[in-house]
Amino acid sequence: QVQLVESGGGLVQAGGSLRLSCAYSGLTLSNRAMAWFRQAPGKERAFVAASHWNGGSSDYSDSVRGRFTISGDNTKNTVYLQMTSLKPEDTAVYYCAATRRFFQWGSRAASDYPFWGQGTQVTVSS
């Protein structure tokens, strides 16, 4: 049974940093993509970042590229999202997600990620 559990959210001032963690069980990073999405109040869930560990590829939305970094640690069964230079518009619930194994790399569609965590709230004050 696949489980994804996010942590690390909180309240931070604009310009600050946070590191989100996604502890996973019941899957391996091999041959799959792991991603972060976010959902702000009244908005649809939006792609933030993804990484495919076999190919070493990463993808970022334009709004976070250069400020956020996705990484993973197989020894800790954890995927991270390091967020820097945070802005009030980054305020949202952040979700960790995973594709099935061997799913074609490159999707930013939430519907292509069948495994989800419960989310962690990030609030950036101005």
*asked:* I need the minimum non-hydrogen distance between Ser51 and Ser58, along with the two atoms involved.
replied: OG-OG, 3.3 Å
*Pro114 versus Thr99, closest heavy-atom pair with distance*: CD-CA, 3.9 Å
_Side chain to side chain, Trp36 and Cys22, heavy atoms closer than 4.5 Å_ = yes
*To the nearest 0.5 angstrom, please state how far the CE atom of Met83 sits from the CZ atom of Arg19.*
11.5 Å
*What about Tyr95 and Leu18, same hydrophobic cluster or not, with Ile/Leu/Val/Met/Phe/Trp/Tyr joined at side-chain heavy-atom distances under 4.5 Å?*
no
*In terms of hydrophobic clusters joined by side-chain contacts under 4.5 Å, are Val48 and Trp105 together?*
no
*asked:* Can you give me the closest heavy-atom contact between Val93 and Gly119, atom names plus distance?
replied: CG1-CA, 3.8 Å
_Val79 side chain near Leu29 side chain, heavy-atom distance below 4.5 Å_ = yes
_Evaluation steps, side-chain contact (heavy atoms from CB on, under 4.5 Å), between Gln104 and Asp112_ = CA-CA 10 Å; Gln104 187 174 355; Asp112 287 333; over 6 Å; no
_Distance check, rounded to the nearest 0.5 Å: Tyr113 atom OH versus Leu4 atom CG?_
12.0 Å
_Distance check, rounded to the nearest 0.5 Å: Ser63 atom OG versus Lys87 atom NZ?_
8.0 Å
*Over 60° means perpendicular and under 30° means parallel, so classify the ring planes of Phe47 and Phe37, tilted if in between.*
perpendicular
*Between Tyr80 and Thr69, is there a donor-acceptor pair closer than 3.5 Å when you use the side chain of the first and the backbone of the second?*
no
_I'd like to check Arg38 versus Val64 (side-chain heavy atoms, cut-off strictly below 4.5 Å). Are they in contact?_
yes
*asked:* To check you understand the geometry: which heavy-atom pair defines the closest contact between Ala40 and Ala92, and what is its length?
replied: N-CB, 3.8 Å
*Using modelled atom types only, decide if a donor and an acceptor are shared between the side chain of Thr78 and the backbone of Lys76 within a distance under 3.5 Å.*
yes
*State yes or no: do Met34 and Val2 share one hydrophobic cluster built from I, L, V, M, F, W and Y residues joined by side-chain heavy-atom distances below 4.5 Å, directly or via other members?*
yes
*Do the non-hydrogen side-chain atoms of Gln82 and Ser71 ever get within less than 4.5 Å of each other?*
no
*In plain terms, say whether Arg65 and Asp62 are close enough for a salt bridge, that is, a side-chain N and a carboxylate O under 4.0 Å apart.*
yes
*Once you round to the nearest 0.5 Å, how far does OG of Ser57 lie from NE2 of His52?*
7.5 Å
*How many angstroms lie between atom CZ of Arg101 and atom CG of Leu27, to the nearest 0.5 angstrom?*
9.5 Å
*Using a 4.5 Å cut-off on heavy atoms from C-beta on, say whether the side chain of Asp90 contacts that of Arg67.*
yes
_Closest non-hydrogen atom pair, Tyr24 against Asp73_ = OH-O, 4.1 Å
*For the residue pair Ser7 and Thr120, establish whether any side-chain heavy-atom pair is separated by less than 4.5 Å.*
no
*Does Trp116 belong to the same Ile/Leu/Val/Met/Phe/Trp/Tyr cluster as Leu81, with side-chain heavy atoms less than 4.5 Å apart forming each link?*
no
*Shortest non-hydrogen contact from Ala35 toward Ile70*: CA-CD1, 4.4 Å
*Please tell me if the side chains of Glu6 and Tyr94 come closer than 4.5 Å, counting only heavy atoms from C-beta onward.*
no
*Compare all side-chain heavy atoms of Thr91 with those of Gln121 and state whether any distance is below 4.5 angstrom.*
yes
